[in-house]
There are 2 protein chains.
Amino acid sequence: MRRTPSRRSTLKDIAEEARVSESAVSLALNGRPGVSPATRQRVRAVADRLGWQPSAAARALNGDSTATVGLVLARPAHALGAEFFFLQLVSGIQEALAGRSIGLLFLVVPDLDAECAAYRRWWAERRVDGVLVVDPRDGDPRPSLLDELGLPAAFVGSVPRGEGGSAHPGISSVWASDTRAMAGIVQHLHGLGHRRIAHIAGLPHLAHTQQRMRSLRDEAERLGLDPADVRSIPTDYSRQQGVDATRQVLDTHGARPTAIVYDTDVLAVAGLGVAASLGIEVPGALTLVAWDESVLTGSTHPPLSALVRDTPAFGRHAAEELLALIDGGPARTVEDETPRLVPRGSSGPAPADRGRAPTGRAPTRRAPTGRAPTRRAPTGRGPTPG
Amino acid sequence: MRRTPSRRSTLKDIAEEARVSESAVSLALNGRPGVSPATRQRVRAVADRLGWQPSAAARALNGDSTATVGLVLARPAHALGAEFFFLQLVSGIQEALAGRSIGLLFLVVPDLDAECAAYRRWWAERRVDGVLVVDPRDGDPRPSLLDELGLPAAFVGSVPRGEGGSAHPGISSVWASDTRAMAGIVQHLHGLGHRRIAHIAGLPHLAHTQQRMRSLRDEAERLGLDPADVRSIPTDYSRQQGVDATRQVLDTHGARPTAIVYDTDVLAVAGLGVAASLGIEVPGALTLVAWDESVLTGSTHPPLSALVRDTPAFGRHAAEELLALIDGGPARTVEDETPRLVPRGSSGPAPADRGRAPTGRAPTRRAPTGRAPTRRAPTGRGPTPG
DNA sequence: CTGAAAGCGCTTACAG
DNA sequence: CTGAAAGCGCTTACAG
């Protein structure tokens, strides 16, 4: 059943046509010394005419590069929060790879174990020259594994330290400061008069989730906010948990937060839906901020104030670091731009504080708000469906 | 600078350990006849102990499979409309590939020419066993190219016919009926009393865009609608063009449509924003339908009525057809489920028709509506920013 | 049932 | 500057 494909030409074909040895052809085509300019030119011409391209397999078998880098996305079916971010990242990675005709071997697996197994397999099969690693996490087993395999790797995000804070010599990373980004948000909100801030966070074991939670606490403390008025609630990035967590912080018996920071666009949009269904005006009664701007954050009413960064560039930089490492360069840790908060429509001054006394702890009675919390949105529809 | 990686074991290592020849090891490990059960078992045990995996390069060099399939996404920077669809598709493709340890070589390029160049290069470099092709288009050069190269291919969507309607013997396809899906929408809207329907479509050269436009016309004619009351407006899938096209159809001097069908979630959300900014109630005064349900269509207020299908399954089926073709099976054309309309909140009965006489053409004066078209949304904010 | 040999398409020392 | 040879890790006829 198999069709006979057009015949591919090989070094041998070129050697015969150009009437030189195969090795001369190899040297000529690879721009290495050992052939006369005249021969080189003649060989090049023949190769072009035959449409020759080096066999990736043959090259790889010689221990040369496979001209392929790998990227594994461990993505449980329910955690779809990072799609926009991810496709933009890949798009940037491709920009860096395209110039050197390097392919991206892409794999989606359900969990971290499968991801590690994939690295082992790719290494044993000699399928990739190196890998790009996303979602650094607490106690991350991947840096040690990749070092052990000798597989060059570039982390998108800081490389988690091993035991004893040991660095990993064969691993580069490109990172952006979640700490400073969160501190910037807190300062901005504080400047607008907000004193009670909630943070609907992502998966708790991811390094950047922890950095954001810690930064929120630290910055709030530095600004003199009451620790009880600042809280992070982790989620699995699903819309449903975004809804639940938002409801939880808004439905509190103590003083309600006047601002909520969301770790993704999906969570923030879910939160906006909850606010609408509770009749809480945004930004009049509640300020919302989303971590990554996207088509989602720009499509709501009001559009969501969001952290902006050049995600394709982030991916491009990571890929460039990986290629440099594969080429034999030293492992590097490079800081990328810190995401900056761009106010759109969902953030504003804190509402007059009727929920608590000017000093001391908040009263435990329910905080009255401008609109009754149980009032439904104008359409009479319920909250965002999960 | 290069680190010394852990040593990979080879057939030779196994042969020495098991004290048999390399060829015996090869036969044993590949489950082929020619070795005794005892030898086979011993060889297997040694291979497992050494953590042996076949070298992808060596296998490929033998003319065997590369255990890789390719997927190229020609994606101009401004056409980001299909992201959710695409990641779901890839996720489904991976499900089919994972079971057989086949990798997905993934490439993002700016345009069709670059895509074709990529196929040629992959073929010449013997990098993939076959390719998955998305976005069939009018006058598509890819079927002929892939046939010429003898590169097995599976289209996601119908394969466009060549000149003279010739089929392509080496190409499979998995398709869903855009024609019937659109007809279903039109019937649904007609049943709700809608008589003026607009269609904000995607890129006009894509085959499915044309099928949807044609189906809209045909079904409207079949139902006796006035052709002048039914129109499709192509876009580049960008939010901005979604806004512009929506404004254009709503701001008409003739009778305004009472229902708009959008080819993607992004376009539909943009359209909902325009309606809000014009003070047009959805679904009271205007019904909106989006082609593919997503986290976007579920996050708006009201949530958007949308076409639902199992996109991961669609991708999985396409990948399965490709693998069957690579294995030497016949090319097949398989129809997948037709997307079905699931009403959420953005669709409802057509408003009482005050815009035109019961018979004959619509008057050319501006159609009065329940709310003045220039009235702003309650927040006083403008339309969705572009 | 098993081993020795040739070959896939390339690269790389090593002689001339 | 150029050719003949060996080898990368595997598979596949072909003899024994």
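All values below were derived from every heavy atom in this structure, side-chain atoms included, with hydrogens, water molecules and symmetry-related copies excluded. Numbered from 1 within each chain, the chains take letters A, B, ... in sequence-line order. Not measured: the values here are computed from a predicted model.
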field: Candidate list B:Arg42, B:Lys12, B:Arg49, test side-chain hydrogen bond (donor to acceptor under 3.5 Å, both in side chains), partner B:Glu17, passing option
entry: B:Arg49
task: Select base, sugar-phosphate, or nothing to describe what A:Glu125 touches, counting heavy atoms under 4.0 Å on all strands.
output: nothing
statement: note: A:Glu22, atom CD; D:dG7, atom P; distance rounded to Å ~ 17 Å
field: B:Thr10 side-chain proximity, nearest of D:dG9, D:dT11, C:dG3
entry: D:dG9
- request: Measure from CZ on B:Arg127 to C1' on C:dG9 and round the result to the nearest Å.
  value: 15 Å
- request: Could you check how far NZ of B:Lys12 sits from P of D:dT11, rounded to whole Å?
  value: 16 Å
- request: Check every atom of C:dC1, C:dT12, D:dC1 against the side chain of B:Pro37 and return the nucleotide holding the closest atom.
  value: C:dC1
task: Can you figure out which of D:dC1, C:dG3, C:dC10 approaches the side chain of A:Leu11 most closely?
output: C:dC10
message: Looking only at side-chain N and O atoms, does A:Thr39 offer a donor or acceptor that is under 3.5 Å from a partner on A:Ser36?
response: yes
- prompt: Does a donor on one side chain sit under 3.5 Å from an acceptor on the other, for B:Asp336 and B:His317?
  reply: yes
Short side-chain N/O contact to D:dC10 OP1/OP2 from B:Trp52, under 4.0 Å: yes
message: Side chain of B:Ser23, heavy atoms from C-beta onward: which of C:dA5, C:dT11, D:dG9 has the nearest atom to it?
response: C:dA5
field: Flag, side chain of A:Thr66 to backbone of A:Ala60, donor-acceptor distance under 3.5 Å
entry: no
task: Take the protein atom CG of B:Leu27 and the nucleotide atom P of D:dT12, then report the distance between them rounded to whole Å.
output: 9 Å
message: Less than 4.0 angstrom from a charged side-chain N to a carboxylate O is my criterion; do B:Arg100 and B:Asp327 meet it?
response: yes
Any B:Ser55 side-chain N or O less than 4.0 Å from OP1/OP2 of D:dG9: no
task: Let me know, please, whether A:Arg59 or B:Ala24 comes out on the 5' side of the other along DNA chain C by nearest nucleotide.
output: B:Ala24
field: Of the listed nucleotides C:dG3, D:dG9, C:dC10, the one nearest the side chain of A:Asn62
entry: C:dC10
task: Could you check how far CZ of A:Arg126 sits from P of D:dG9, rounded to whole Å?
output: 6 Å
query: Among side-chain atoms of B:Thr68 and A:Arg127, is any donor-acceptor pair under 3.5 angstrom?
result: yes
message: Please determine whether a side-chain nitrogen or oxygen atom of B:Arg32 lies at a distance below 4.0 Å from atom OP1 or OP2 of D:dT12.
response: yes
query: Whole Å only: how far is the CG atom of A:Leu61 from the P atom of D:dG7?
result: 14 Å
- prompt: Under 4.0 angstrom, heavy atoms only, what part of the nucleic acid is B:Pro54 near: base, sugar-phosphate, or nothing?
  reply: sugar-phosphate
task: Starting at atom CD of A:Gln41, determine the distance to atom P of D:dC1, rounded to an integer number of angstrom.
output: 15 Å
- prompt: Quick one: is C:dT11 close enough that its OP1 or OP2 comes under 4.0 Å of any side-chain N or O from A:Ser26?
  reply: yes
- request: Using atom CG of B:Leu29 as one end and atom P of D:dT11 as the other, report the distance to the nearest whole Å.
  value: 8 Å
- prompt: Is there a Watson-Crick or G-U wobble partner for D:dA4 with both distances under 3.5 Å, and if so, which one is it?
  reply: none
